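Contents: one structure, followed by commentary.
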Amino acid sequence: MLELKNISVHYGRIQAISDMSFSVEEGEIVSLIGANGAGKTTTMRTISGLLSPSAGSITFAGKDITRMKAHIRVVRGISQAPEGRGIFPGMTVMENLDMGSYGRKDRTKVGDDLERVFDLFPRLKERIKQLGGTMSGGEQQMLAIGRALMSNPKLLLLDEPSMGLAPQFIRQIFKIVTEINNQGTTVLLVEQNANQALARAHRAFVLETGSITHRGTGKELLANPAVKEAYLGVG
Amino acid sequence: MISEVIPALLHSVPMDDTWITFDVNSFAQNFWSSTFDGLTFGAIYALVALGYTLVYGVLNLINFAHSEVFIVGCYGVFFTLSALNFGPSAPRLAFWAIVGNLVLALVVAIIASALMAVIVERVAYKPLRQRKAPRLAFLITAIGVSFAIQYTIYWWRGPSPEAALTMFRPLPIFDVFGTIVDSQQVVIVIAAIILMIATDQFIRRSRTGRGIRAVAQDPDTATLMGVNKEKIIVTTFIIGGILAGAAALFYVMKIPSGVQYNGGFILGVKAFAAAVLGGIGNVRGALLGGLLIGLIGNYGQVLLGSSQWTDVVAFVVLVLVLIVRPEGILGSSLGKSKA
Amino acid sequence: ANQTAPSGTDTSGTSGRINIPAISKVDVPAGAVLPAGDGKGTCPSTTTIAYAGAETGPNAQLGINIFNGIQLAVNQHNTANPGCQVQFKKFDTEGDPNKATGPVTQIVSEPDIIGVVGLPFSGESKATGNIFEQKGLVHITPSATNPSLTKNGWTTFFRALGNDAVQGPAAAKFLTDKLQAKKVYLVQDDSDYGIGLGTTTSQALGSAMVGSDKVVTGQKDFSAVISKIMNAKADTVYYAGYYAEGAPFDQQLVGKGFTGSFVGPDGVKDDQFIKQAGDASSNSYFTCPCIPGELIPSFESEYKKLANAEPGTYSIEGYDAATVLLSGIDKGKQSRADLLSWVKSYDADGLSKHYKWDSTGELATPDVYGYKVENGKIVPIGVIGK
Amino acid sequence: MSTTDGPTLIPDDAAAQAIADREARMRPRRGWFPGLGDRWNALPRQTQWLILIVVVVIAYLLPILNPPLITTEPGNNWQIALAQMSVYALVAVGLNVVVGYAGLLDLGYVAFFALGSYTAAMLTSPDSPYVHIPYLWTLPLAMAVAMFFGVVLGVPTLRLRGDYLAIVTLGFGEIVRILATIIPAMKGQVGFQNVGHPPGTDSSGQTIFQNSNGTPWYWLTLTIIIVVLLAAGNLERSRVGRAWIAIREDEDAAEIMGVPTFKYKVWAFAIGASVGGLSGALFAGQVGFVNNQKFDIATSILFVAAVVMGGTGNKVGALLGGSLVAYIPLRFTAIAEFKYLIFGAALVIIMIFRPGGLLPARQSLLAYGRLAYNKLKGFAVGGSPASGKLVTQPGKEAGNE
Amino acid sequence: MSEAIEPDIDVDALKEQGVDLEVAERVAPERDIVTKVGEALVQVQNLTVKFGGLTALDNVTFDINRGEILGLIGPNGAGKTTCFNAMTGVYKPTSGKVLLEGQSLNGLPQHKITRRGLARTFQNIRLFGEMTALENVVVGLDARHRTSVGGALLRLPTHVREEKTAIERGMALLEFVGIADHAHFLSRHLPYGYQRRLEIARALATDPKVLCLDEPAAGFNPAEKEELMALIRTIRDDGYTVLLIEHDMKLVMGVTDRIVVLEFGKKIADAIPKIIRDDPKVISAYLGEPEDDVA
Ligand SMILES: Nc1ncnc2c1ncn2[C@@H]1O[C@H](COP(=O)(O)OP(=O)(O)OP(=O)(O)O)[C@@H](O)[C@H]1O
Ligand SMILES: Nc1ncnc2c1ncn2[C@@H]1O[C@H](COP(=O)(O)OP(=O)(O)OP(=O)(O)O)[C@@H](O)[C@H]1O
Ligand SMILES: CC(C)C[C@H](N)C(=O)O
Ligand SMILES: [Mg+2]
Ligand SMILES: [Mg+2]
């Protein structure tokens, strides 16, 4: 459903992504792992349209979206929970969730999606009046994912959802990712927590300095000794 | 030598009452007239202040060209009135004719100001945004555009203010302790407050308003929510322009001879001060700040003996308030205002 | 649909106000020296006279009136004298003392410039007189009226009109005698000119003055001053300053229901005042040590051709001052020193009055005229203060 | 404000902006002289000195050269124009300490300029009834007076952030100007004439420092500028300069790294103010006339424009910006109606094409850093590090031996 | 460079632990290298921080002993960062005290706390982006410098001496954290991992007694975390005391000597890692049952 062809991205003179190609099929969880600065976030931002590639093309659901504005991509069904969560600190939890459905035309279904989010994250329902900025790290992460779901995306981009979370939350987040996927949303997941990310993914890519060096199913990569050494740590 | 210099310096600030008084009598005598005049001007400041506050809230930038957005509105009013054949003297017109003319002038002023605001955004801000320029660069282009607009008007209309055109002679409405409050003052203050409330509600309740607040808090994430950032920014400038246009009408009503190429500058500075006093980025703060700046200045000048004190008093109070409340009276941030 | 003519009959009502009739002509000295001269002047083509003063800035109109007058004189001279084509250069000071030194220094450093008309305003004149003095360049101000200007020991400075030590008392006399004012409220601005004139006027007014206040350059809102005036129950306001503030002041004053007269000096006497004060200006009178150039038909028609406007305040003074210099050039006074001594010993009629200066550069016998607003126009009402 | 990843409050404007600005500066330099600063820094010390000497000599010769096209004549006397440009340049160098280094947006810098002017005027002009002292004495005194007020203004207000500081300083500027109008001793618009000048007469007995002779004033100011630049350089390459830049980049982090941020902000203000005072006194002397009209907000904003246009944080840029801001209106006096229109358009165009200012070069902050960096030449030089795997390469870890 | 290494320290043992003594000596010339866990260096006593109605930190008491690595863990929102901020002067405690070597830090401005010897890093990196790596470190070193405006203007000898040693020590510190070859890069041009190391070097430059690290491994992958662990150990072995906030249990368990656990602003445990690992309270509050934990 999503396909990147020969994408390159530059920050000024610095090339962050070079000639990268991969695709995500409908219904999959695809994980992207790699060291710091490998270009994972850059890839995500390129897909969501915050960055524009200097070369290559992106197609989504059969349409070329390479030059499409970011806010239109949201309407088309790409939704991102950004790195660092991007909660609107001065808005309440409810308003933050509302922002998720900003671009939606099918207003009537918004209620259903809200229910679904509250089902996934009961904590959010308890706190609908709290300002986003005063939520703790884990709660903000829930809010960010919940908000992304509010646009009823076809493709959900999650950039390091486990960052800064306590262990039991991390497990919860990964469970939820699977759950969301089971409900029919395609997920592209960027993670440092490579073990979890690979274990949950249908397919995965390893990114090194802006290009993909390994690809395969999650299980394959988990077993790959090179990947193991570089990203999974010994023991 | 120093021993001579110090007394000399001290002496240079003579404390006789020729230049500063503390005239409580005059203050009491002129209290109500200063209050009503202060409120009227305050309302105008507040409307202009909103333009600063909105743009500041969304872009975190002081829009130094906003005073020109305002003055272009004033020209809009002026040209409308000349086209309607108004002269320096106020004709006797029926009530509805006055209202009709007012609305017409208002519409033209709003269109002129809003257009100007969009032009300012396009020329001074958008190119820099695209180039990801540092913040101070925006300040300078805004100043540049402001100069350019002023002197374009200058080149076109000359250095002198435009002829004073008046639509109606204010009617006394009621009398407060011997001070007459006229229709003009009442219209200005009420209209300004209505506009403020409308803006406030718009920002809080409407979808666009939510978009504005989102862009104010985190532009990138807002984009990820499907908010068209560029459109929101332009919209914000337009809203600022609309309010400036309204302010322009009221200003011309109050000071018909104030339509001049550089007529917006000082007013702009005071409106900006008002925005900061109330808490920049805060819609309600702009209203509060505007009214306060208007009142304080007027009280100050009657108390201290001459109109020269108006701005001094206003700024001193501003500084004092900020020392106590560093984020202005109501605190900053467009985003913060709870719905 | 909406009427344009000022009615002046609303609330402010001119009823009860003294009616002083306008005059329709002034005496033009029979043998007035004119720029054309005898048409036999010869001079090098580099010969230049200059204007230094406001071309831009808030009171630019006053400067424009003046250099148009000069331009007219130069044009007339050059048409009549094929052998002597005098060049005319303008230097913009914006009327600002701080900005004036640059252009003036430029003027004195251009050797071709041998005489100057300017500077129009008292403040800038004061700031630059030294520079002219240092380089021995003669300059005739057509309009700066602050009395102290001639007390600096400058030998190159000449004033083509009466100063405020004359205008102040004349104004006071006009107020109390002609207008029969009992309670005058004096408001002055913060300029050199306003302060000087405020002082001489208030001294001459004596007990007829019931109060005074100050305003600042650039002020737009006068409500506080107006409250005070109303509270003092003044019947006449004298405003010592320029029209930039005077006009909105009068407009707001009348707007607040003031029914007395508003009197201002030369700094206020300009069509801009009427334009900006609107119908409020119908209560206004002016004093001015200037001659109504518009009543001199020859001048008026020529000026109108050139400038596409009626002569303004000080247009004729600019014209006359330029004439003084041009006639010197025609007489072969073509160095700075020669031209300076020419002006020093000058003794002849101009279109507007007789020009002869004392050793400080002050005119011997200046007149002060009164003006009033009638049907939206400033019209002279004759010499006052005598 | 929260310094970690926990609940973040409303993002702190200053910090957020610092990040945005930083990102902005990361863009490659485009425009007319890309990487000029880098190239300059790459030159050997000797070559730098040589170039500098040539530049300085040319600068001193400017009034005599009177280069065609560049000259402001016939509208304005070139020497006077130079003198005024140099004063503006000095102002910009001073303001650069405040705005460029410490990142404090001071919109009321003209107040210090005014204080300097009035100090000089009131102690030398015959219009002033007070003690008269030789003009040259007023220069240090003007610095002291301005510095004093800088501290007086700074201590209560420097806790304010960003634009709040901007409006407070702007207010201060207006207060000073209006008080000069109101307080009779400061003579409002009437002002002070015949402000003093340095002593000395030339062979023909003429005073050297005449108001109408810009050259000596220009040379004097230029010399002062050179001294101030050297001093600013010394500060820059020291703890003080580093503290300022650290404050500009991230005030909270600076504080936590042990930088007494408040103290150094006050220092920035005081030093900036004193240079402002100094330039004011020079201006007063050169023009010979001081009144309240020169010190309005518009002038103050022009000062900031000078710094930003030159290249925020770069003292040479400030120099250039200051001169230009003074120059453009002077150059175009001949077409009086258009001069400010041209000026405004120039500001816009310059900032659009060079958003970092004309000379956005970064200053080096270590007095002996060159030595240290030179030692590194053996390692990687120039360019930016390859992304990603540097960290993961084993064996490079000092901790692991 | 005055004081030599204390003779009674087991130099060989240190070497075994992988301490580069030469580097260590240059990094911290004015300080003894002591690795033995000693008496309480920092005492947090009854610390309470309230935000409006919310008690983020509730009467928390613990010590940090000289020479140890103390872990501070707890669920999200437990008050760890708040505790950190209260210690370093970012927040004013509602009540309670923080003592460093027996002296109260309450009410001191942040930069003074730093100079007393409490340094920290930030979780979201906050380097001075427009400065080179070396300059960043020298800003930290400036905390111990004496000359100010006067000295710098006149280039007084003390100033010159300080500047010169600052550069040497700065380079040594960069070497210590392993990024000396990038000394002349603007810090914003550095890769993320290097930026983290630079932050640590900058904090070390202030010559702290206690170094507080707030989630230094956030965003690192497991392999990178291991390297970081090694660096933290080296730092401790070099004589610094370390306080570490971290969510990664492997890292925390692997590197700390003792762990304090917070929940809802209250301390619920304080023990060595082994005990914490099995503490049922900690498990239910924080670790969770390790059912499907792949890691
Ligand atoms: N705004 C920027 N300007 C310039 N370079 C950037 C910018 N953002 C990222 N980079 C560079 O691009 C490269 C890729 O960065 P990116 O953020 O995509 O990495 P990442 O894989 O997401 O790393 P992390 O694990 O730290 O999130 C890095 O070398 C980084 O330094
Ligand atoms: N400035 C503040 N205003 C209001 N509440 C705050 C503020 N700072 C923190 N809190 C609240 O205090 C609690 C503790 O927050 P703290 O940041 O200390 O948690 P933490 O232990 O660091 O969590 P994490 O592991 O998610 O970073 C949270 O519930 C948070 O909502
Ligand atoms: C042009 C005039 C109004 C000038 C005025 N008389 C003055 O002395 O400044
Ligand atoms: Mg990333
Ligand atoms: Mg935390």
Side-chain angles (χ1 to χ4, degrees), chain B residues 1 4-5 8-9 11-14 18-20 56 60 62 64 123-124 127-128 131-141 143-152 154-155 217-218 265-266 269 272-273 276 280 306 308-309 311-312 315-316 318-319 322-323 326-328 332-333 335-336, chain D residues 10-11 13 16-17 20-21 23-25 27 99 105 122-123 130-131 133 137 141 156-157 159-161 163-164 166-168 170-172 174-175 178-179 181-186 297-298 301-302 304-305 308-309 312 337-341 343-352 355-357:
Chain B
M1 193 190 74
E4 285 176 305
V5 171
L9 283 176
H11 183 69
S12 75
V13 186
T18 54
W19 61 280
I20 179 166
Y56 188 90
N60 245 296
I62 308 171
F64 258 94
V123 173
L128 289 189
R131 280 153 211 263
K132 301 215 156 99
R135 187 171 176 213
L136 279 175
F138 290 87
L139 192 73
I140 304 307
T141 44
I143 291 169
V145 166
S146 151
F147 261 95
I149 298 173
Q150 277 188 34
Y151 284 89
T152 308
Y154 180 98
W155 165 70
Q217 292 181 28
D218 187 339
F265 188 78
I266 294 297
V269 167
F272 174 45
V276 173
I280 190 152
S306 119
Q308 304 176 323
W309 286 102
D311 292 359
V312 177
F315 278 118
V316 166
L318 174 75
V319 172
L322 287 185
I323 288 172
E327 301 244 287
S332 59
S333 171
K336 232 180 201 167
Chain D
I10 304 298
D13 290 350
Q17 193 53 53
D21 286 0
E23 270 175 17
R25 280 185 235 115
R27 296 172 328 95
V99 176
L105 184 51
M122 291 172 76
L123 295 176
Y130 313 118
V131 219
I133 60 175
W137 278 105
L141 203 63
T157 59
R159 296 184 199 279
L160 298 176
R161 294 271 170 128
D163 300 302
Y164 289 89
I167 188 72
V168 164
L170 192 148
F172 176 71
E174 272 298 88
I175 291 172
I178 301 173
L179 284 182
T181 311
I182 300 177
I183 299 176
M186 297 178 81
I297 300 177
I301 288 172
L302 283 191
V304 177
V308 179
M309 198 164 96
T312 318
E337 288 97 350
F338 296 108
K339 62 186 176 188
Y340 287 111
L341 190 54
F343 180 75
L347 283 186
V348 176
I349 291 166
I350 289 176
M351 292 324 290
I352 286 180

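Chain identifiers are assigned alphabetically (A, B, ...) following the order of the sequence lines, protein sequences preceding nucleic acid strands; residue numbering begins at 1 within each chain. Since the structure is predicted, the reported quantities are computational estimates derived from the model, not experimental observations.
- The shortest non-hydrogen separation linking Ala345(D) to Ala148(B) is N-CB, 4.4 Å.
- Using a 4.5 Å heavy-atom threshold, the side chains of Leu341(D) and Tyr154(B) count as separate.
- Counting only heavy atoms from C-beta outward, the side chains of Ile182(D) and Trp309(B) approach each other to under 4.5 Å.
- When each of Leu160(D), Ile352(D), Leu302(D) is scored by its heavy-atom pairs under 4.5 Å with chain B, the top score falls to Ile352(D).
- When heavy atoms are compared at a cutoff of 4.5 Å, Ala124(B) does not approach chain D at all.
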Criterion side chain to side chain contact (heavy atoms under 4.5 Å, CB included) on Phe272(B) and Ile167(D), from CA distance to verdict: CA-CA 8 Å; Phe272(B) 174 45; Ile167(D) 188 72; 3.4 Å; yes
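- Contact tally against chain B (heavy-atom pairs below 4.5 Å) for Thr157(D), Val168(D), Val308(D): the top residue is Val308(D).
- Across all their heavy atoms, Ala133(B) and Pro355(D) have their closest contact at CB-CB, 3.3 Å.
- In terms of non-hydrogen atom pairs under 4.5 Å with chain B, the most contact-rich of Leu347(D), Val304(D), Val99(D), Thr181(D) is Leu347(D).
- To the nearest 0.5 Å, atom CE of residue Met351(D) and atom CD1 of residue Ile143(B) are 10.0 Å apart.
- At least one side-chain heavy atom of Leu105(D) sits less than 4.5 Å from a side-chain heavy atom of Leu136(B).
- Of the inter-residue distances, the one linking Ile62(B) atom CD1 with Leu170(D) atom CG reads 8.5 Å to the nearest 0.5 angstrom.
- Shortest non-hydrogen contact noted between Leu322(B) and Tyr164(D) is CD2-CD2, 3.7 Å.
- Interface remark: Leu128(B) contributes side-chain atoms only to the contact with chain D (heavy atom separation under 4.5 Å).
- When all heavy atoms of Ala305(D) and Ile140(B) are compared, the pair lying nearest together is CA-CD1, 3.3 Å.
- Taking CG of Leu139(B) as the start and CD1 of Ile301(D) as the end, the distance is 7.5 Å to the nearest 0.5 Å.
- Within the 4.5 angstrom heavy-atom criterion, no atom of Phe138(B) approaches chain D.
- Taking the six-membered ring where tryptophan is involved, the planes of Tyr340(D) and Tyr151(B) are tilted, since the angle between them lies from 30° to 60°.
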